[in-house]
Structures are given as structure tokens and as C-alpha cells.
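Since this is a predicted model, take the numbers as computed values, not measurements. In what follows, every heavy atom counts, from backbone to side chain, and hydrogens, waters and symmetry copies are set aside. Lettering follows sequence order; numbering is per chain, from 1.
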Number of protein chains: 2
Amino acid sequence: MRILLIEDDPVLGMAVRDQIVADGHGADWVTRLADAEHAVHAAAFDLILLDLMLPDGRGSDFLRKLRSTGDATPVMVLTARDQISDRIAALDAGADDYLVKPFDLFELSARIRAVGRRYAGNPNPLVTLGDIEVDLSARSVRRAGQTIALTAREWALFEAFVQRPHQLMSKPQLEERLYSFDAEVESNTIEVYVARLRKKLGADVIETVRGMGYRLGTPGGGA
Amino acid sequence: MRILLIEDDPVLGMAVRDQIVADGHGADWVTRLADAEHAVHAAAFDLILLDLMLPDGRGSDFLRKLRSTGDATPVMVLTARDQISDRIAALDAGADDYLVKPFDLFELSARIRAVGRRYAGNPNPLVTLGDIEVDLSARSVRRAGQTIALTAREWALFEAFVQRPHQLMSKPQLEERLYSFDAEVESNTIEVYVARLRKKLGADVIETVRGMGYRLGTPGGGA
DNA sequence: CCTCGACGTTCAGGTGGGTGTCAGCTGGGC
DNA sequence: GCCCAGCTGACACCCACCTGAACGTCGAGG
């Protein structure tokens with residue numbers, strides 16, 4: 001796996017790069033966003049590790065620009081504990097995962113392995129639910145052959161269900177999933193997004209279990 | 001899994017400890033930081049549940065001190081909804097997760113299971129009773145391969161039986177389980193829900209012991 | 001710098017299904 | 001045969017959930 005590391009701190013950067021190499025991956029390490037943009041244009045990566053605070057700009061801006069070009073390379077954000085707003089911005093901008101500094105290098109290895117399993121392990125990770133096809137790496141959903149566009153939040157919610165097909169998930173669980181550690185929201189946001197997903201993908205896509213939460217339904221009938 | 005609970009509120013503490021034990025873990029419950037420090041020196045825990053407001057100090061200070069000794073035991077902080085600053089302080093001090101009071105005991109179980117999964121690498125545990133399969137973390141029940149939908153109360157009651165497979169449970173015990181502490185119910189609610197469970201899962205799923213209570217039956221014949 | 005559009009979030013009002021209660025019935029134990 | 005614990009079907013209430021719309025916010029493009 002080829003990994004692009006965008007991190008300006010020399011100590012952390014070196015440690016992470018060494019760990020990546022030790023895990024048997026290829027590592028490209030840049031310290032500025034300008035270099036990072038050059039790198040993603042020059043080569044294809046399987047994973048990008050992105051620090052949010054960089055000398056020549058914000059990592060979330062880089063990420064947003066990357067996603068706007070249609071690039072779906074998995075991005076794992078490296079963030080400090082108190083930069084909650086930045087973290088949310090990063091998830092909104094299209095980050096796939098995040099790691100809170102200071103993090104254990106074992107944790108890093110485990111996450112990278114998880115990415116490899118999820119994305120590179122099987123080149124065509126298609127999940128099928130009735131007549132719905134989900135491509136986790138491409139972030140695309142099709143129902144009856146028709147591609148359906150989901151917004152960032154809609155996708156984040158839907159992905160949570162797809163990754164755990166039989167699991168019942170409570171609203172607090174889902175809120176935490178969508179809003180990271182800043183689960184301060186006291187509203188019906190989850191309900192609203194469930195409704196929007198049902199409107200886009202079909203009413204039977206998500207099943208309500210009163211008083212407990214939601215779970216993936218069985219689209220297209222129980223067949 | 002062995003869990004240290006640091007919580008001074010007797011009602012909440014008892015409820016959490018009972019839930020931990022019901023989930024099959026070992027629980028040590030202390031109400032003061034002094035006792036907590038003694039406990040972590042005396043034994044190794046797999047998880048620490050830490051209240052932030054304690055009679056003899058702040059939980060975040062305890063946590064910081066613990067981390068400074070190199071102890072990396074997972075710590076889940078229990079915090080009130082409005083103590084945002086304390087929560088951030090706890091995360092900075094090295095907490096791995098947090099749970100906002102008042103929290104559902106199911107939520108607690110799920111989080112504890114998540115910790116166990118993260119550190120042991122196990123998938124969800126499946127409980128099998130004859131031809132009935134129960135996934136406690138997914139909250140799903142299947143009989144002969146057929147998924148059966150349970151409501152919140154029905155699940156709560158069924159879970160109580162599944163977690164104590166051979167134990168006889170009186171109606172007051174079950175009422176306390178379903179309605180936590182304000183057990184103000186004076187009716188045959190338990191009988192009603194036992195009947196509903198039997199209708200959904202089969203008559204042999206719960207066995208009546210006249211004058212004493214109920215216990216889990218042996219579905220699928222006395223095999 | 002301004003405008004437009006897309007998306008996220010909040011709010012209020014309506015609704016249906018879960019829940020608790022009750023009355024009457026059943027059946028086992030003595 | 002009596003008695004009482006447990007069983008069952010029915011039903012009204014209430015709250016969790018749904019939904020449409022309005023509002024705020026952020027980024028793209030001129």
C-alpha cells in the first residue's frame with residue numbers, strides 16, 4: 001500500500017513514516033500542502049494521512065479541494081484533542097477516519113490495516129442490499145441501476161448502517177458517529193437524516209425500532 | 001473483563017455495577033479517588049469507568065496522574081451534560097471515551113463491549129438457545145434463521161433472562177430490571193410481557209415456576 | 001465583494017404504535 | 001371443590017417518531 005503523509009512536525013512525522021515503512025508500506029512524507037497537492041497529482045495513493053494544522057494552510061481545505069475533484073482516496077485525519085471544530089470541518093470535508101494526537105503507533109498500524117482491508121483487500125467492495133448496490137470506496141449508491149447522490153451527512157449516516165448490517169444502533173450512537181466527540185446536539189437531526197435517506201433510497205432501507213434506535217432494513221422485500 | 005468503577009453516587013453506582021456484572025464482567029466499585037488509586041496499584045484492570053465529580057477530588061486529576069505513570073488502561077469518563085470544560089479536560093488528560101449522564105445502561109454495555117472488541121479483536125458474541133440465536137450487541141434475535149422483531153420492553157425482559165441463563169428470577173426482580181429504580185408499577189406487567197415473548201419466540205422460551213418466578217426454558221426440545 | 005445555491009440544523013405540529021392497565025378466565029395445588 | 005397465581009385479549013393513552021418548512025451557514029462563481 002502506498003501512503004501519503006502530510007505532517008509538519010518533524011518528530012511525529014518521522015515516527016509515523018518509520019512505522020508505515022516498518023509495516024511494509026510505501027511512505028511519501030511532505031510537510032506542506034503545496035507539496036501534498038503536487039504529490040496527489042503526480043501519483044495515486046491508497047491512503048492519505050493528513051494533519052490539520054500546517055504551515056501553509058488548513059488541512060480541511062486541502063481535503064475539500066481533493067474531494068471536489070472527485071478523488072475518493074481514503075483520508076485519515078490526524079488531529080489534536082482540543083481542535084474539535086477543525087475535526088468536524090475535516091469530517092464534513094470528506095475525511096474517512098481520524099486519529100487523535102497523541103496516538104499510539106500500534107493504533108496507527110491497526111487503522112492502516114483496517115483501511116487496507118476495507119479498500120485494497122478486495123478491489124471491488126460492493127455491498128448489495130436487495131436492489132441497492134453500495135460501493136464504500138467510491139462512496140456511491142445505486143438503486144435499480146440508478147445512481148443516487150448523497151450529501152456528506154447522508155452518506156455518513158448510511159455508511160454507519162451498511163458497515164454493521166444487523167446491528168441495531170441507538171440515536172446517541174449515531175450522533176457520535178456523525179459528530180465525533182462533540183456529541184452535544186440535543187435535536188432530532190438523526191431522525192431528519194433517516195427520513196431523507198428513506199426518501200432517496202426507499203422507505204424500507206432503514207427500519208425503526210421504537211425506543212431503541214434504527215437498523216438496516218431489507219430493501220426489495222425479504223427475498 | 002475486569003472493570004474498575006469510580007463513582008460516588010450510590011444509586012448510579014449500584015446500577016452500573018449490576019449491569020457490569022450482568023454482562024459477565026468483574027466489577028470493583030470505589031467511591032473515592034484515594035480508594036481508586038489503591039485499587040489500580042493493587043490490581044490490573046481492563047477498563048476504568050471514571051466519574052469526574054468526586055468527594056475527594058477531580059477525576060481528571062486522577063486520570064492525569066495515572067497516565068503519567070505510563071498506565072494505558074482504557075478509561076471511560078462518566079460526565080454530566082453541562083460540564084463541557086471538565087469533559088475536554090478529561091480528554092486532554094488521556095480519557096479514551098466518555099458517556100454523558102444520564103445514560104442508558106444498554107449504551108454502557110455497548111461501549112464496554114466495544115472496548116473489549118478493540119483490545120481483544122473478537123466479533124460480536126452469539127448466544128445460542130436451541131434454535132434461537134441472540135446477538136446481544138446487535139439486539140437481534142433469530143429463531144430457525146428467521147429474524148424476530150422485539151420492542152424495547154420485550155427486549156429488556158428477554159435480555160434479563162439471556163444474561164442469566166439458569167437463574168430463577170422473581171417478578172419484583174424483573175420489575176426492578178425493567179423500570180430501574182422508580183418501581184412504581186402495581187400490575188401484572190411482567191406476566192403480560194412474558195406472554196408476549198412466548199407468543200413471538202415460542203411458548204417454551206420462558207418457564208414458569210409457580211409462586212417463585214420465571215427462568216429461561218429449553219427451546220427446541222429438551223435436547 | 002456580492003449573490004446564489006446547496007446543505008445542515010432546528011422547530012412545531014401531527015400520528016401511530018408501544019405500553020400499562022384491567023377484567024375475566026384457566027388450571028394447578030391442597 | 002376452593003383458592004389463588006398466572007394467563008390472555010382488549011383498549012385507551014401518551015410519547016417517540018415523522019415530516020414539511022423555515023432558517024443559518026458555507027462555498028462556488030461571477
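Residue B:L168 comes nearest to B:V209 through the heavy atom pair CD1-CG2, 3.3 Å, listed as atom of the first residue, atom of the second, then distance. Of all heavy-atom pairs between A:A160 and A:M169, the closest is O-SD, 3.7 Å. Considering every non-hydrogen atom in both A:H166 and A:R215, the closest pair reads O-NE, 3.7 Å.
Regarding contacts with the backbone of C:dT10, a side-chain N or O of A:S187 is found under 4.0 angstrom from either OP1 or OP2. In this model, the phosphate group of C:dT21 is approached by a side-chain N or O of B:T189 to a distance below 4.0 Å at OP1 or OP2. Phosphate contact (OP1/OP2 of D:dG6, side-chain N/O of B:K171, threshold under 4.0 Å): present. In terms of phosphate contacts, B:Y193 brings no side-chain nitrogen or oxygen within less than 4.0 Å of OP1 or OP2 of C:dG18. Phosphate proximity of D:dT19 to A:K199: absent, as no side-chain N or O sits under 4.0 Å from OP1 or OP2.
Of the candidates C:dT19, D:dC7, C:dA12, D:dC7 carries the atom nearest the B:N188 side chain, counting heavy atoms from C-beta on. Among the nucleotides D:dT19, C:dT19, C:dC7, the one closest to the side chain of B:A152 is C:dT19.
Atom-to-atom, CD of B:E191 to P of C:dT19 comes out at 18 Å; the value is rounded to the nearest Å. Look at CZ on B:F158: it is 18 Å from P on C:dG18, rounded to the nearest Å. Going from atom CG of B:L197 over to atom P of D:dC7 covers 12 Å, rounded to whole Å. Rounded to an integer number of Å, the gap from B:I190 CD1 to C:dG20 P is 9 Å. The interatomic distance linking A:L174 (CG) with D:dC17 (C1') rounds to 14 Å, in whole Å. Atom-to-atom, CZ of B:R196 to C1' of D:dC7 comes out at 13 Å; the value is rounded to the nearest Å. Whole-Å rounding puts the B:R153 CZ to C:dT21 P distance at 11 Å. In this structure, B:L178 atom CG and C:dG18 atom C1' are separated by 14 Å, rounded to whole Å.
Residue contacts for A:V194: at a heavy-atom cut-off of 4.0 Å it reaches no nucleic acid atom on any strand shown.
Considering only residues two or more places apart in sequence or on other chains, A:R142 meets the salt bridge (Lys or Arg N to Asp or Glu O under 4.0 Å) condition with A:E133. Residues passing the side chain to side chain contact (heavy atoms under 4.5 Å, CB included) test with A:E191 are A:K171, A:N188, A:Y214, sequence neighbours excluded. Applying the side chain to side chain contact (heavy atoms under 4.5 Å, CB included) criterion to B:S170, with sequence neighbours excluded, gives B:P172, B:Q173. A:L12 meets the side chain to side chain contact (heavy atoms under 4.5 Å, CB included) test with A:E7, A:D9, A:V16, A:K101, A:F103; sequence neighbours excluded.
A donor-acceptor pair shorter than 3.5 Å can be found between the side chains of B:S109 and B:Q19.
If you check residues 207-215 of chain B against DNA chain D, the residues with a heavy atom closer than 4.0 Å are B:T208, B:R210, B:G211, B:Y214, listed by number.
Each end of the helix from C:dC1-D:dG30 to C:dC30-D:dG1 gets its own rotation axis from five pairs of C1' atoms, and the angle between them is 30° to the nearest 10 degrees.
Of the possible donor and acceptor atoms, none in the side chain of B:D8 sits under 3.5 Å from a partner among the backbone N and O of B:L54.
Between B:R153 and A:R210, every side-chain heavy-atom pair lies at or beyond the 4.5 Å cut-off.
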